[in-house]
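To start, the structure under review is shown below, and the notes come after it.
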Amino acid sequence: MTADKQKIPPDPERAVEEYGNSLYRLCTVMLQNCDDAQDAVQDCFLRYITRAPDFRSADHEKAWLIRVATNICKDMLRYRKHSSYLSTDEIRNLTSSEDNAQILGMLGLLEEKYRTVIHLHYVEGYGTNEISDMLGITSAAVRKRLQRGREKLREIYEKEAI
Amino acid sequence: MDFSKIRPAVDDIVLSDEQKEKILDACRGKKRKFNYKPLAFAAAAAVTVVVVASPGFLFRAGSSDNAAENVKEDYYNSAGGDFYVYTADEDFSPQSAEENGAASDMSVFDVSLFSEQYSVIPREFATLADSTEYESWVAEISPDGGMALMQFVKHFGIERSDFDNANIAYAARTGKFFNADEIYSQK
């Protein structure tokens with residue numbers, strides 16, 4: 001009975017309000033395109049309506065949505081013929097200061113696999129084990145990607161500083 | 001490079017109210033779990049074929065001709081006997097129809113054919129498999145094997161996403177055939 005009480009039934013209005021922005025940020029960073037990101041978020045919530053399991057907790061629900069969103073983004077990237085980057089104007093529209101715009105632009109220059117783990121770790125605050133569960137890769141691979149991602153970001157930062 | 005600046009950099013990326021409403025609108029149009037529409041259309045198709053295309057089929061399906069005749073008579077009398085009541089053509093038989101050269105038009109009246117209706121793979125699904133392999137598989141399976149579509153999916157290892165897309169196309173086609181929009185728009 002206690003377990004049943006803790007289960008969270010799917011509720012799209014609450015979920016969009018609570019997790020919509022997080023998912024939109026993740027998809028924007030992964031896809032580097034606002035329209036595609038919105039489509040991905042919508043697709044994610046459609047899957048939430050039709051296929052969501054019984055969630056044990058709010059954390060479980062959020063992690064499930066993030067895993068679905070990353071899978072959708074990966075599928076979209078797989079079928080995309082050309083690389084996409086947020087334009088300077090788009091970045092300025094999305095951010096409120098030059099510093100933020102610079103960091104968002106730098107993130108866009110990273111490879112997708114590094115962008116995703118950097119985002120999940122530094123923005124969503126997930127640890128390597130949680131990220132490994134979400135992305136279906138080993139913890140060691142997550143740590144390696146974080147390390148490489150940080151190195152590459154530093155390189156890009158130094159080049160931009162020059 | 002200060003990595004703690006990454007979070008505030010993306011914090012400004014938020015969905016507008018309009019975008020949220022659009023997502024919720026899409027969610028409201030979706031049903032949870034299984035989509036029964038294609039099955040409903042298929043069932044409607046089977047019932048329509050049986051009832052409309054087989055004169056007297058329902059009456060003759062009973063074990064006693066006399067009982068069926070009594071039911072018809074009671075119904076006619078209870079209705080006051082002054083409006084049209086359908087009566088079966090007692091002399092009709094598929095064999096006689098064939099003998100009269102009407103086989104192509106009348107074959108649907110052969111009740112034994114109906115069992116095959118449940119073994120048909122709609123074309124939207126059939127095209128997911130290689131045509132040569134599909135034809136040889138069709139020749140192998142028994143019409144009485146049941147759930148041909150399930151056998152088909154297992155045999156050809158059809159992907160879930162491909163199946164779902166074919167299902168949507170099948171629902172759209174059958175819905176159009178039965179004029180579903182008009183039926184469902186009537187209150």
Side-chain angles (χ1 to χ4, degrees), chain A residues 9-13 15-17 20-29 34 37-39 41-52 75 86 91 93-97 99-107 118-119 121-125 146 149-151 153-158 160-161, chain B residues 1-42 124-125 127-128 149-150 153-154 157-172 174-175 180 184:
Chain A
D11 176 357
E13 298 205 359
V16 169
E17 199 54 48
N21 289 339
S22 290
L23 296 176
Y24 185 54
R25 282 180 203 122
L26 172 67
C27 295
T28 305
V29 167
C34 296
Q38 193 190 333
D39 288 345
V41 172
Q42 181 169 310
D43 198 5
C44 182
F45 282 110
L46 289 177
R47 292 189 195 188
Y48 173 81
I49 292 293
T50 54
R51 301 181 201 173
D75 279 348
L86 286 167
I91 290 173
N93 286 336
L94 287 171
T95 54
S96 56
S97 72
D99 279 354
N100 290 347
Q102 188 195 12
I103 289 169
L104 194 58
M106 282 161 51
L107 271 178
I118 292 268
H119 181 95
H121 184 68
Y122 287 106
V123 178
E124 297 298 336
L146 271 175
R150 280 192 291 255
E151 284 170 9
L153 266 182
R154 274 196 203 98
E155 284 171 22
I156 296 166
Y157 183 74
E158 282 163 13
E160 293 215 346
Chain B
M1 169 79 200
D2 184 359
F3 296 106
S4 64
K5 285 182 179 173
I6 293 174
R7 183 171 185 165
V10 297
D11 263 354
D12 297 326
I13 304 175
V14 290
L15 286 167
S16 65
D17 289 343
E18 194 184 336
Q19 286 173 314
K20 284 182 186 173
E21 197 50 44
K22 196 179 167 190
I23 290 168
L24 285 171
D25 277 347
C27 290
R28 287 179 193 120
K30 274 273 176 188
K31 282 181 183 174
R32 186 167 165 76
K33 303 289 182 190
F34 191 74
N35 184 3
Y36 288 95
K37 240 181 197 175
L39 279 182
F41 285 131
E124 285 83 357
F125 298 94
T127 50
L128 295 176
L149 200 51
M150 189 190 284
V153 168
K154 283 183 179 171
I158 302 298
E159 292 281 331
R160 173 66 191 250
S161 55
D162 292 339
F163 182 90
D164 285 347
N165 289 337
N167 207 21
I168 290 165
Y170 178 49
T174 48
Y184 282 110

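Computed from a predicted structure; not experimentally measured. A note on names: the letters A, B, ... follow the listed sequences, proteins ahead of strands, and every chain is numbered from 1.
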Which is it for B/Ile13 and A/Leu104 under the side-chain contact (heavy atoms from CB on, under 4.5 Å) test, yes or no, and what are the steps along the way?
-> CA-CA 10 Å; B/Ile13 304 175; A/Leu104 194 58; 4.1 Å; yes

What distance separates B/Ile23 CD1 from A/Tyr48 OH, expressed to the nearest 0.5 Å?
-> 13.5 Å

Enter the distance from B/Ile6:CD1 to A/Asn100:CG here, rounded to the nearest 0.5 Å.
-> 11.5 Å

Give the minimum heavy-atom separation between A/Leu153 and B/Phe3, together with the two atoms involved.
-> CD1-CE2, 3.8 Å

Name the member of A/Gln38, A/Glu13, A/Arg154 that forms the most heavy-atom pairs with chain B at distances under 4.5 Å.
-> A/Gln38

Among A/Gln42, A/Glu17, A/Gln102, A/Glu124, which has the most heavy-atom pairs under 4.5 Å with chain B?
-> A/Gln42

Shortest non-hydrogen contact from B/Asp11 toward A/Arg25 | O-NH2, 3.3 Å

NZ/B/Lys5 to CE/A/Met106 distance, rounded to the nearest 0.5 angstrom?
-> 9.5 Å

Engaged part of A/Ile156 at the chain B interface, taking heavy atoms whose separation is under 4.5 Å = neither

Checking heavy atoms, do the side chain of A/Leu23, its backbone, both or neither come under 4.5 Å from chain B?
-> neither

How long is the span from the OH atom in A/Tyr24 to the NZ atom in B/Lys20, to the nearest 0.5 Å?
-> 12.0 Å

Neighbour count above 12 (heavy atom, 6.0 Å) for A/Glu151 CD | yes

If you look at every heavy atom in A/Tyr122 and B/Arg7, which pair is closest and at what distance?
-> O-CB, 3.7 Å

Contact summary for B/Leu15 and A/Asn21, nearest pair of heavy atoms = N-OD1, 2.9 Å

Which heavy atom in B/Ala9 sits nearest to a heavy atom in A/Thr95, and how many Å separate them?
-> O-CG2, 3.4 Å

